[in-house]
Structures are given as structure tokens and as C-alpha cells.
Amino acid sequence: MPPALKNPIGPPTEHGPWPSDLLWGKQWPGPARSAPAATVVAIAIAAVVAAISLPLDRAGVGWLVMAVAGTVALVISAILPEPPASGPSPLVVRPRPKRSVDAYGWAGLTVALVAVGTFRSAGWLFALCLLMATLTGALALTGGRSMRSIVAGYTMPLIAVFRALPWLRHGTTRLRGRIGGGTANVRVLATVVVSIALLTVFGALFASADAAFAGALSHLAPDVDVPSAFRWIFVFALAVALFGGAAFLRTAPPDLTGLDGTEGRKVARFEWAVPLGLLVLLFAGFVAVQLAVLFGGNRHVLDTDGLTFAEYARGGFWQLCFVTGLTLVVLAGAARWAPREKPADRLLLRVLMGALAGLTLLIVASALHRMNVYADTYGLTRLRLLVACCEGWFGLVLVLVLIAGIRIRAPWLPRVAIAAGVLALLGLAGANPDRVIAEHNIKQSRTLDVAYLGTLSPDAATGLDGLDSARRRCVLAHLDIALLESPDDWRGWNLGRVRARTVIADAGDVSQTWQCP
């Protein structure tokens, strides 16, 4: 290959694509041409929208605006056709992997997760949604069916950020050459200057003519200072990298089908059935001996010297984590190494895997019961609520394992398990967890920690009706302090904070009641 054509990270020459020397280069050679003009323009506009709208310090509608802008940019770059290239045809033509229908579902879930910041003000919940959105976004762009291909696809957006930079740079060069080079730059700059001048002059006149318009303009217009300028530049660069990497993946998605195979070297029946059977016996013995521990509840805690409700609940949770992880690992190993050609092998695999999953479900039920006892005694916290949700999701995964045992092969299992986790997180956001915590703790009055209620997010303000007037005003005063310290502009508009401000305003002046009785 001539040295001039070898370019592992881009932009690919007009005669490629050539395999990349980077990680996953075999499955992901990249685009054959530099970035199309429509892609460059759409990414630039979306990055400008993100720089203007994104609030970095809180959940707010600006996050949703950024997500929608990025999605629209990718859709536009996919819809608008690229003019045919001049010169010789590419020497290598590789068929593009077909985009599956569920990619659009993952994209919709990604936007839904980011949209949580518009309705819920709890920072911990929004952080979890953003973290999960990185996984659903990677699935939308790269696909993947098995755990191996999903993990590989999860690393590709980060690599795409670096591979997309020269791809976009050469696309920008082509765009400038197409529209006139330096002359076009002068015209674009002049257009921007004239537009800003017109908006400034007429905006100032309208603001001086009407007080209501001046108030609205003051909320919409950003504060122009040095920190804000640096923030805009940082967010713009970050958005270009993020959207550029996504467009790079969308233009030339990887082919992960080679990583989806679960068939491996088969082992003899004795080699897998004996360890798995012994493991099932161990689980059965544990459940049989520990029935009092698993389902004893309050009586078991009270009758056991030195045992606390905290130890009772935490022990069940860690048991659940261990056995669930072990069950999933065993399922993956059995799917890869256990033979299934003979009916006896298939029957034995179903019996052993079903028994292991069923015994694990008993421990799931026990752990949920333990957490319920713990919350009834000491109240709910964010961590305890998350633990209960995780336990419920683990139980659902085990049910999916049992269903998968009907046919033994289950290529759908990893994606369905992830989708169930995403829907569970969205359901938790819809239930308003901080309000659920407040209402639950108020209903059980044995150990009500009023100070802890004051540390919840403003989402909890609508769940304090069960408190007496003095303690309710005190908790609202603590919530009001956080709201006063960080007022919202339009970028940080959030339904939870709006409702909290309404509740606080209806309660009257709470500024002198921050010391709770």
C-alpha cells in the first residue's frame, strides 16, 4: 500500500476504506470519505445550541434541548444525501451493516433518560440517568447482541470522538472549498456581525418600550462575562466531539456480528454437570438450613443475640448480589460450553439451570423482605430505595433466565435485561423517589428524621403534607435555602423546583424556621 494512502485514524481517502490499526479496526474500518457537508453544518449548529442551553451545574430543560439538537443533527445528516464524489471509484467497497429497528428504540430511551432532568431535580437520580444514557446511546449507535459485543460497542463512542476529529476537519475543508474559501469566510463573518448588531439595537429598543418584554429578555439573554465565555467554548468543543463521534459511528457503524457468537468448544457431560449439580445442592442446602434467617423477619432479629436490623438487611443484599452474579455467569458458561445435541443433555441443562435460578429467586424474595423490614423500622433513604430497586431488577433477570431455559439459546437476554433496567430507572424517576421517601418516613413516625428530610431535593416538597405545621415549615425552609442559593434561568428550568417554589410560597415566610423542633 502506498504510504500516502495509509491513514489509520482518518480521514479515509477517497479510495478506501482501509482497515484501521486502532482498537476494533477489523470490525470498524470507518467511513470511506470525509464528513459530508450536511453533517458538518448540522453538528456545528447542534454544538452552538448546546453551548447556549446546557446547564453544567444542575438538572434542567437545557439537557433535553441539547439531546434533541444532537438527535436532529444526526437525523438531518442521515436524510440529506451527499453529492457523488468526483474521481475514481473506491477500490474497496464494504457493505454497511444493516441498522436494526431496535436502534431507534435505544435512541428514544436515551432522550427519555436525559429528559428526566426536566422533571426531577434530584441530582443523584439525574446522574444515574445520564450514566445509563451512555449505555443506551452506545447501543443505538453500535448495536450488539451478546454481552461481548455490547461491551465492545460501549467503548467505541469514546474512540469515535478521536477518529471523528480529522474526519470532520477534512469535511470542513471540503465545505469551505465548495462555498468559496476566504471570500465565503468574510461573507459569513459579515453576516454574523450584522445579525448581532440588528438584534442588539432592536432588542434594546423593545426592552426600553415594554417592561414585560425587558423582563423576559433578561431571563433569555445570557450574562456575558469571562467565565460564561469559557463555559460556552468548553461546552461547544465538548458537543462537537460528542456529536461528531456519534455521526462518525452513524455514517460507518461497526459490524459486531463476529462477536455475537456464543458457541464455543463443547465439553463432556461429566465436566459441566457435576460442578453445576454440586452448586445446586449447595444452594438447596443453604436455603433449607437458613429458612429462619431468610424469612424470619422481626422475630428472627429479636430472638438472635447481637443481630441488628441493619445486619439483617445488608446480609441479604450481598447474598443476592453474589448468587445473582454467579447464576448469570453460570448461564453464560453453560450456553457456551455445555453440549445440547442430545435430548438428555438439553433436559439435564434445563433442570440444573432451572433449579439454580429458582433457588436464587427465593433469596431475592428474602432480600426484598429484609429491606422492607429495615425500611419500616428505620425509614427509607436513597440508598435503601436503590437497593430495593436493584433487587427487583435482579429478580426480573432471573425470571428471564428461567424463560431462556425453554430453548436454552437466548441471544435476546442481554438486551432485554438492559432494557428492563432502563425502564425500571425511568419508572423510578416517574414515581418521584425523594417524594416517596418523604411520604414513607412521615407515615412511620417511630424514627422520623426531620433533618434528613431537609437534605432531600426540592422534589420532596410536595410529599410533606403529613407533617405537622411546625416541622413542615422547617423542612421547607431547608429546601428553600438551596433554591435561593442557586436560582434558575431558562436553561435550568425544572418542574420539580418550580413546584417546590410554589409549595414554599403557599406556606408563607419560612425563613425563620430553619431550626427544626
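Below, all heavy atoms of this structure are taken into account, side chains as well, without hydrogens, waters or symmetry copies. Residue numbers run from 1 in the order of the sequence given.
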| Non-hydrogen atoms of Ala461 and Val503 that approach each other most closely | O-CG1, 3.9 Å

| message | Between Ile150 and Arg415, is the side chain to side chain contact (heavy atoms under 4.5 Å, CB included) condition met? List the steps. | response | CA-CA 9 Å; Ile150 289 174; Arg415 291 172 297 159; 4.3 Å; yes

| query | Is there a donor-acceptor pair closer than 3.5 Å between any side-chain N or O of Trp393 and the backbone N or O of Ala417? | reply | yes

| task | Tell me, with the steps shown, if Asp465 and Arg472 meet salt bridge (Lys or Arg N to Asp or Glu O under 4.0 Å). | result | CA-CA 7 Å; Asp465 294 339; Arg472 181 174 182 271; 3.7 Å; yes

| Nearest heavy atoms of Ile43 and Ala247, plus distance in Å | CD1-CB, 3.7 Å

| message | Could you measure the distance from the CD1 atom of Ile504 to the CG atom of Leu476? Nearest 0.5 Å is fine. | response | 5.5 Å

| How close do Ser53 and Arg491 get, heavy atom to heavy atom, and via which atoms? | O-CB, 3.2 Å

| query | Does the side chain of Thr381 come within less than 4.5 Å of Ile437's, by heavy atoms? | reply | no

| Is there a donor-acceptor pair closer than 3.5 Å between any side-chain N or O of Asn494 and the backbone N or O of Arg497? | yes

| field | Polar side-chain atom of Thr455 near backbone of Tyr452 as donor-acceptor pair, under 3.5 Å | value | yes

| query | Val116 versus Leu130: any side-chain heavy-atom pair under 4.5 Å? | reply | no

| task | Could you grab the distance from atom CG of Leu385 to atom CG of Leu380, nearest 0.5 Å is fine? | result | 6.0 Å

| query | Salt bridge or not for Glu439 and Lys443, using N-O below 4.0 Å? | reply | no

| task | Measure the CH2-CD1 distance between Trp490 and Ile52 for me, rounded to the nearest 0.5 Å. | result | 7.5 Å

| Heavy atoms of other groups near Arg382 CZ, more than 12 under 6.0 Å | yes

| Considering all heavy atoms of both residues, which atom of Val498 and which atom of Trp493 are nearest to each other, and what is their separation? | CG2-NE1, 3.4 Å

| note | Gly137 and Thr110 have their tightest heavy-atom pair at N-OG1, 3.2 Å

| message | Working note: Phe119 + Asn432, criterion side chain to side chain contact (heavy atoms under 4.5 Å, CB included); need CA distance, chi angles, decisive distance, verdict. | response | CA-CA 9 Å; Phe119 305 99; Asn432 193 350; over 6 Å; no

| request: Using the side chain to side chain contact (heavy atoms under 4.5 Å, CB included) rule, take Val161 and Leu242 through it: C-alpha gap first, then chi angles, then the decisive distance, then the call. | output: CA-CA 6 Å; Val161 168; Leu242 177 65; 5.9 Å; no

| request: Any chance you could measure Trp167, atom CH2, to Leu165, atom CG, to the nearest 0.5 Å? | output: 11.0 Å

| task | With side chain to side chain contact (heavy atoms under 4.5 Å, CB included) as the test, would you mind laying out the steps for Phe236 and Val48 before giving the verdict? | result | CA-CA 6 Å; Phe236 177 83; Val48 170; 3.7 Å; yes

| request: Heavy atoms only: give me the nearest Ala239-Ala50 pair and the separation to one decimal. | output: CB-CB, 3.8 Å

| Is there a donor-acceptor pair closer than 3.5 Å between any side-chain N or O of Trp63 and the backbone N or O of Leu54? | no

| request: Any side chain to side chain donor-acceptor pair (under 3.5 Å) involving residues 121-133? Give me the pairs, sequence neighbours left out, ordered by first then second residue. | output: Ser121-Asp459, Trp124-Asp434

| Side chains of Tyr154 and Thr142, donor plus acceptor under 3.5 Å | no

| query | Is there a donor-acceptor pair under 3.5 Å between the side chain of Arg120 and the backbone N or O of Gly430? | reply | yes

